[in-house]
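What follows is a single structure, written as structure tokens, with notes after it.
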Number of protein chains: 2
Amino acid sequence: MNESLERSHRHISRQFNAELQLLHQHVLEMGGLVQQQLENACLSLIHNDEALADTVISHDHQVNAMEVGIDEACTQVLARRQPAAGDLRMVMAVIKTITDLERIGDAAERIARMAAHKSGHTQDSSSTVLPRVLVGIEHLSELTRSMLQQALDAFARMDVELALQVARQDAKVDEEYDDIIRQVMTDMKEDSDVIPVALDMMWAARSLERVGDRACNICEYVIYFVQGKDVRHIDLEQVQHDLNAAAPLTQEV
Amino acid sequence: MNESLERSHRHISRQFNAELQLLHQHVLEMGGLVQQQLENACLSLIHNDEALADTVISHDHQVNAMEVGIDEACTQVLARRQPAAGDLRMVMAVIKTITDLERIGDAAERIARMAAHKSGHTQDSSSTVLPRVLVGIEHLSELTRSMLQQALDAFARMDVELALQVARQDAKVDEEYDDIIRQVMTDMKEDSDVIPVALDMMWAARSLERVGDRACNICEYVIYFVQGKDVRHIDLEQVQHDLNAAAPLTQEV
């Protein structure tokens, strides 16, 4: 290859890496916005804060716009750069991750709608209505928000070990969710007047449980990118075993 | 271009078209399996058929395996063929459609689990338990299954008009779903003993409502493929107006 051609290749390759870095960066920015939405939605539900709930609802379109924008950027990278191997897996991981982030954004919006709806049912402070359910939801919201934070950290550093740690926490989410549903059923049986509020709380708990699932999905894309292996629908222990046996295909982003 | 090179190019192009056709065909096969799963899940719930529910649950892994297989085939097509324009949009539409099909499969599995759980609660025929809710669910299941059928037809023929028709039915789904939830709340207030069964029915209704959303998502990918326009999160009437004003980018598959 002559020198000017080589220089031009290096230039294209640098530009391409910068584009991939930018995609990666956009995902983390979208992740930050979705985290903020989820936190505000949970706070609005727990503290009966209708104004905060309205803020979450009115910001959902920003999450949607980021998904569409990043998807378009990915399609352009595929069309113009025709990436292969690790670069292609990176683009695929971005395309899949933003779908889950958008749906976590939807869950935040749904929780905020429950919060707005619930504060319509309850004149007095929410702390007097279904206190045990509320404590359960507060705890579940902390757990799932921490999983989302760790899933985004795993994505930021493409850290397979952290990704596996997040996926292992999903059993705990399911356990806490089942406890909340049992408590909701007990409360509804004791006093049929609480049924409307109880159902709102149940939908909110369900949305949080799904946030945990989606954080796990993001972790699966991290493993797919680093190891070149699709680990969806596979037992966790098997994944850990296979990962221990195999060297990663790539660690750099 | 010399004759042998031209022949070789034609050969590659024919092979590539065959690969795209095959991807398209695989999506429709996966769609057929998911339709079957959803139909059986709804029948098992309505007729209290635990054996049929178990069949649905045990077949879910086939849906998952098809998603992973088609995803892998898409990645290979992207890596080897480096498609552009309409071909690239086709691969993107396939990648997104199978995610929604897999989640409709999950919804079918969830409904089947509710059916198995519910038949544990009810010794006698289900027709005597919450009859109005059951009628509502039967109707909602017909509506959403018909939407899925039409969404897959729209995908098969890449038919934008049909895709828009499906999307318009989603308001009807939301309406029927709201009616079911109101009925469930009334039944629970009247008799707290029905709460466990009522909640199962409510989750089933919720899953069906989400099936309607996912059928609409598939229709959005059809519009994206044909028109080269991402219509997610955009008002339906605006989409129809823009489509009337613009000629399609491509109609062939």
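Nothing here was measured: the structure is a model prediction, and the numbers come from that model. Values reported hereafter were calculated over all heavy atoms of this structure, with side chains retained and with hydrogens, waters and symmetry mates removed.
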Yes or no on salt bridge (charged side-chain N to carboxylate O under 4.0 Å, His left out) for A/Arg210 and B/Asp106, after CA distance, side-chain angles and deciding distance?
-> CA-CA 13 Å; A/Arg210 301 293 292 143; B/Asp106 279 350; 5.6 Å; no
Could you look at A/Met92 and say if it's the side chain, the backbone, both or neither that has a heavy atom under 4.5 Å from chain B?
-> side chain
Between the NZ atom in B/Lys96 and the NZ atom in A/Lys96, the distance rounded to the nearest 0.5 Å is 8.0 Å
Side chain, backbone, both or neither: which part of A/Asp191 has an atom under 4.5 Å from a heavy atom of chain B?
-> neither
Engaged part of A/Arg206 at the chain B interface, taking heavy atoms whose separation is under 4.5 Å | side chain
Interchain contact, A/Asp60 with chain B, by part (heavy-atom threshold 4.5 Å) | neither
Can you check whether A/Met202 reaches B/Met202 side chain to side chain, under 4.5 Å on heavy atoms?
-> yes
Does CZ belonging to B/Arg80 count more than 12 external heavy atoms closer than 6.0 Å?
-> yes
Side chain, backbone, both or neither of A/Arg182 within contact of chain B (heavy atoms, under 4.5 Å) | neither
Should B/Leu199 and A/Leu199 be marked as a side chain to side chain contact (heavy atoms under 4.5 Å, CB included) after you check the CA-CA gap, both sets of side-chain angles, and the distance that decides it?
-> CA-CA 9 Å; B/Leu199 290 186; A/Leu199 290 186; 4.1 Å; yes
Should A/Asp71 and B/Tyr224 count as side-chain neighbours, where that means a heavy-atom distance under 4.5 Å?
-> no
List the atom of B/Thr75, the atom of A/Leu88, and the distance in Å for their closest heavy-atom pair.
-> O-CD2, 3.5 Å
Chain A contacts, top residue of B/Ile95, B/Thr99, B/Ile181 (heavy-atom pairs, under 4.5 Å) | B/Ile95
With B/Ser192, the side-chain contact (heavy atoms from CB on, under 4.5 Å) member among A/Glu190, A/Lys189, A/Met185 = A/Lys189
Is it true that A/Glu102 and B/Arg232 make a salt bridge, defined as a side-chain N closer than 4.0 Å to a carboxylate O?
-> no
Flag the pair B/Arg103 / A/Arg103 as yes when at least one side-chain heavy-atom distance between them is below 4.5 Å, and no otherwise.
-> yes
B/Asn64 portion near chain A, given a 4.5 angstrom heavy-atom threshold | both
